[in-house]
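Structure record follows, encoded as structure tokens.
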4 protein chains.
Amino acid sequence: MTGTKRPSERRDALVQIAAELFAEQGYRATTVRHIGDAAGVLSGSLYHHFDSKETILDELLSSYLEELLDTYRAIAKKDTAPKTTLRDLVLASFRSLSEHRAAITVLQNERNYLRTLPRFTYLTKAEEEVRRIWITVLRDGVEAREFRPDLDPLVTYRFLRDSVWVTVRWFRPDGRMSADQLTEHYLTLIFNGLAPNG
Amino acid sequence: MTGTKRPSERRDALVQIAAELFAEQGYRATTVRHIGDAAGVLSGSLYHHFDSKETILDELLSSYLEELLDTYRAIAKKDTAPKTTLRDLVLASFRSLSEHRAAITVLQNERNYLRTLPRFTYLTKAEEEVRRIWITVLRDGVEAREFRPDLDPLVTYRFLRDSVWVTVRWFRPDGRMSADQLTEHYLTLIFNGLAPNG
Amino acid sequence: MTGTKRPSERRDALVQIAAELFAEQGYRATTVRHIGDAAGVLSGSLYHHFDSKETILDELLSSYLEELLDTYRAIAKKDTAPKTTLRDLVLASFRSLSEHRAAITVLQNERNYLRTLPRFTYLTKAEEEVRRIWITVLRDGVEAREFRPDLDPLVTYRFLRDSVWVTVRWFRPDGRMSADQLTEHYLTLIFNGLAPNG
Amino acid sequence: MTGTKRPSERRDALVQIAAELFAEQGYRATTVRHIGDAAGVLSGSLYHHFDSKETILDELLSSYLEELLDTYRAIAKKDTAPKTTLRDLVLASFRSLSEHRAAITVLQNERNYLRTLPRFTYLTKAEEEVRRIWITVLRDGVEAREFRPDLDPLVTYRFLRDSVWVTVRWFRPDGRMSADQLTEHYLTLIFNGLAPNG
DNA sequence: AATGAATGAGGCTTCATTCAT
DNA sequence: TATGAATGAAGCCTCATTCAT
């Protein structure tokens with residue numbers, strides 16, 4: 001979240017164009033020439049709008065993360081029953097897949113790499129806040145006997161987190177299943193398991 | 001699985017050295033110079049052992065996939081109850097994480113990219129065979145009323161597949177949890193869900 | 001001295017802004033964006049005032065050189081004793097350092113480069129006229145036995161010329177020594193040398 | 001003086017080739033393509049020998065400065081009469097012009113720029129040591145009544161320093177005047193001045 | 001006069017690969 | 001087998017300049 005960027009329509013449009021390419025081919029595999037081509041300008045012209053390729057990515061990721069964290073914080077603050085809170089978190093996550101598919105894909109695929117860049121240390125911070133929120137819900141749920149008592153909150157958190165976000169690899173919101181339907185399917189599985197008597 | 005090259009100890013050692021780097025930094029981000037440095041030779045010298053950087057990766061991935069498919073086929077052939085078969089598949093997968101962490105990591109991270117390379121079309125074929133095996137188990141389980149009747153086999157397969165393999169991001173077999181313990185935790189969640197009465 | 005453009009206050013101010021940057025960072029290292037930033041406009045806007053970056057430099061250098069040559073010519077024409085003429089030339093040079101520090105700095109630092117540009121051939125011409133004036137004074141002085149008979153006029157000229165102008169690297173007219181004081185110090189050294197009986 | 005570089009004949013030859021270009025056209029105006037062309041290789045091939053263009057310059061300047069400082073230190077340590085010490089310093093400087101013309105030229109021309117680069121802070125340190133040596137000689141000479149009592153050591157140092165080094169702009173050791181002849185001419189002027197009775 | 005977007009040439013650097021020794 | 005030097009394509013970025021608004 002480096003500096004407050006002056007927005008501009010052109011700028012935003014370029015971020016979106018780049019985002020698609022980053023998601024499809026990977027951030028590092030996407031050249032500025034690709035981006036320029038997709039935008040209909042020479043690659044050098046991109047530098048009229050952005051300091052660097054990294055800046056484009058930063059803009060994409062930081063704006064997504066800010067929105068997601070805002071949503072998560074609002075859900076966590078509502079103080080509903082753990083099962084409801086968990087459901088809301090899952091729903092919010094799947095819904096964000098529709099609007100932010102590109103950002104999420106990049107985040108999933110380039111996470112390891114990006115964490116080595118000083119500019120993106122905020123990713124780690126955001127991750128930590130997210131973890132705190134999920135783990136709190138899981139702990140509360142166990143305490144309130146809404147979840148199994150033998151649940152390991154950390155392992156379960158990782159499992160939930162990854163299994164939600166990894167769906168970005170195949171989930172298409174315009175496909176045969178909507179985000180809300182996916183959430184329903186997912187939650188049924190998560191809450192009740194595969195067993196028919198669940 | 002391009003050309004089964006005459007094996008050699010040095011060759012295998014080099015593949016392992018490269019594998020670690022591929023896993024840590026990504027295949028594309030790993031330069032042949034990195035590999036040479038890690039192996040204690042100049043980058044050009046690697047070309048006495050391998051045709052290309054791709055060949056090193058090919059060797060790593062194809063040998064892993066062959067082993068995994070053999071294991072999966074053996075499990076599927078045994079014709080045990082679906083629940084048992086599923087358990088065995090999950091267990092085999094988690095166990096392979098210990099020995100083949102690097103290969104699996106690369107496969108997870110570079111999948112999209114590799115599928116665009118003609119040389120690695122066998123990845124897609126292997127994936128298809130794996131999918132057939134898992135989906136068969138899920139269908140059989142539903143039919144045998146071992147799994148919920150409303151289960152969508154395709155979505156469930158993707159969910160299981162991803163949630164298993166994605167653990168490679170954080171699972172360390174030498175950590176506080178063994179592969180078998182992880183399997184147990186995972187299967188409990190999968191079969192019974194979060195609910196305490198599951 | 002390409003085209004004497006209609007002057008304008010804004011134009012002159014821009015030349016001065018650019019001059020400071022040229023002196024501080026070098027002509028080539030100063031981008032039109034630097035200049036625009038310092039002037040509070042976008043770089044493209046400078047092109048409403050100047051054809052090119054070269055034009056800005058041209059304006060700076062040619063106006064300085066015209067003034068210097070006028071002064072030198074007036075001194076040479078006065079036909080005073082060689083020692084007096086030399087003193088006047090040195091004094092005029094040091095005094096010009098105060099008002100034209102930027103121009104002189106650029107001239108010193110970029111001389112080699114600028115001489116390769118067709119537009120700036122006038123620099124070489126001006127240099128030649130200056131040399132004629134100084135060498136004449138030195139020759140006259142030797143002839144009039146005001147200077148040592150074994151003096152090599154060409155080498156001495158270069159030595160004087162460079163040692164005067166190179167002070168632009170460190171001389172600050174607003175520092176502890178004025179231009180006139182520096183002249184005094186310099187002339188004492190030049191005329192009498194380091195020796196105490198000089 | 002970044003790191004001890006493994007020398008190699010090719011490497012040294014490339015430094016010399018680059019040095020000539022840096023001196024002729026300036027460091028920044030010399031492109032790696034120029035250097036490659038002059039060396040008969042592609043520009044990228046230079047990176048087999050050097051990390052960067054800066055490294056080439058570093059190698060040139062640091063090796064020159066080490067040698068010069070060694071010579072200066074040896075002269076200063078000898079504890080001869082100030083006039084003799086000064087003569088030796090001047091002679092050593094002019095002699096170094098023959099062998100290190102390129103390095104000296106770059107140092108003179110790019111000094112301001114290089115001082116802004118973190119890598120070249122050692123330039124400033126070397127300059128300070130040189131200044132200490134010269135100023136000590138001047139002070140000692142005044143005290144020993146070998147130099148005029150009204151001499152300002154700092155201003156005189158600058159004057160001597162600049163007037164010596166600036167000759168690199170025109171002095172050609174293979175021209176009509178040798179380094180030693182130039183020294184003689186220079187010292188006569190410096191010690192006795194222009195006046196015939198000096 | 002000024003802006004904002006773009007051009008096009010060229011800068012430094014990286015890297016898989018080749019090859020004579 | 002290994003080295004050391006080189007290739008050639010490509011990557012990110014800079015910058016003077018142009019031009020429609």
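Small disclaimer: the values here were computed from a predicted structure and weren't measured. Letters A, B, ... mirror the listed sequences (proteins, then strands); counts begin at 1.
In this structure, CG of A/L117 is placed 14 Å from P of F/dC12, rounded to the nearest angstrom. For the pair A/D12 CG and E/dA5 P, the computed distance is 12 Å after rounding to whole Å. We find that CG of D/L14 is positioned 16 Å from P of F/dG4, with the value rounded to whole Å. Here E/dG4 presents its P atom at 15 Å from CZ of A/F50, a figure rounded to the nearest Å. Atom NZ of B/K53 and atom C1' of E/dC15 are 8 Å apart (whole Å). The CG-P distance, from C/L21 to F/dC15, rounds to 13 Å in whole Å. Rounded to whole angstrom, the span from the CG atom of D/L46 across to the P atom of E/dT14 amounts to 12 Å. Atom CG in D/D37 sits about 13 Å away from atom P in F/dG8, given to the nearest Å.
Residue B/L123 holds its CG atom at 8.5 Å from CG of B/D58, rounded to the nearest 0.5 Å.
Place C/H34 and A/R33 on DNA chain F by their nearest nucleotides, and A/R33 ends up nearer the 5' end. Comparing D/T30 and B/S52 along DNA chain E, the residue whose closest nucleotide (by nearest heavy atom) sits nearer the 5' end is D/T30. Between B/E54 and C/R10, the residue anchored closer to the 5' end of DNA chain E is C/R10, taking for each the nucleotide with the nearest heavy atom. Between A/A29 and C/G44, the residue anchored closer to the 5' end of DNA chain F is A/A29, taking for each the nucleotide with the nearest heavy atom.
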Mind running side chain to side chain contact (heavy atoms under 4.5 Å, CB included) on B/F22 and B/H34 for me, showing each step along the way? CA-CA 10 Å; B/F22 291 162; B/H34 287 328; over 6 Å; no
As a quick check of understanding, evaluate side-chain hydrogen bond (donor to acceptor under 3.5 Å, both in side chains) for A/N109 and B/Y113, giving each step before the final call. CA-CA 11 Å; A/N109 292 337; B/Y113 167 64; over 6 Å; no
Could you walk me through whether B/L107 and B/Y64 pass the side chain to side chain contact (heavy atoms under 4.5 Å, CB included) test, one step at a time? CA-CA 10 Å; B/L107 228 28; B/Y64 164 63; 3.8 Å; yes
Does C/S52 form a side-chain hydrogen bond (donor to acceptor under 3.5 Å, both in side chains) with C/T55? I'd like the steps, not just the answer. CA-CA 5 Å; C/S52 68; C/T55 301; 3.1 Å; yes
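Taking side-chain N and O atoms only, B/Y47 has no distance below 4.0 Å to OP1 or OP2 of E/dT18. Regarding contacts with the backbone of E/dG4, every side-chain N or O of A/H48 stays at 4.0 angstrom or more from both OP1 and OP2. Residue D/S45 has no polar side-chain atom (N or O) positioned under 4.0 Å from OP1 or OP2 of F/dA5. Contact annotation: B/R28 does not reach the phosphate of E/dC15 (side-chain N/O to OP1 or OP2, under 4.0 Å).
Taking every side-chain heavy atom of B/L42 into account, F/dT3 is the closest of E/dT17, E/dA5, F/dT3. Comparing F/dA2, E/dA16, E/dA2 by their closest approach to the side chain of B/T31 singles out E/dA16. In the set E/dA16, E/dA5, F/dC13, the nucleotide with an atom closest to the side chain of A/S43 is F/dC13.
Across the strands present, E/dA1 finds no partner; the criterion is a Watson-Crick or G-U wobble pair with both atom distances under 3.5 angstrom. Remark: F/dC15 base-pairs with E/dG8; criterion is Watson-Crick or G-U wobble with both hydrogen-bond distances under 3.5 Å. F/dA2 is paired with E/dT21 under the criterion used here, namely a Watson-Crick or G-U wobble arrangement in which both key atom distances are under 3.5 Å.
A donor-acceptor pair under 3.5 Å links the side-chain atoms of A/R11 to the main chain of A/H49, judged by distance alone.
Counting any heavy atom pair closer than 4.0 Å across all strands shown, D/V32 reaches a base atom.
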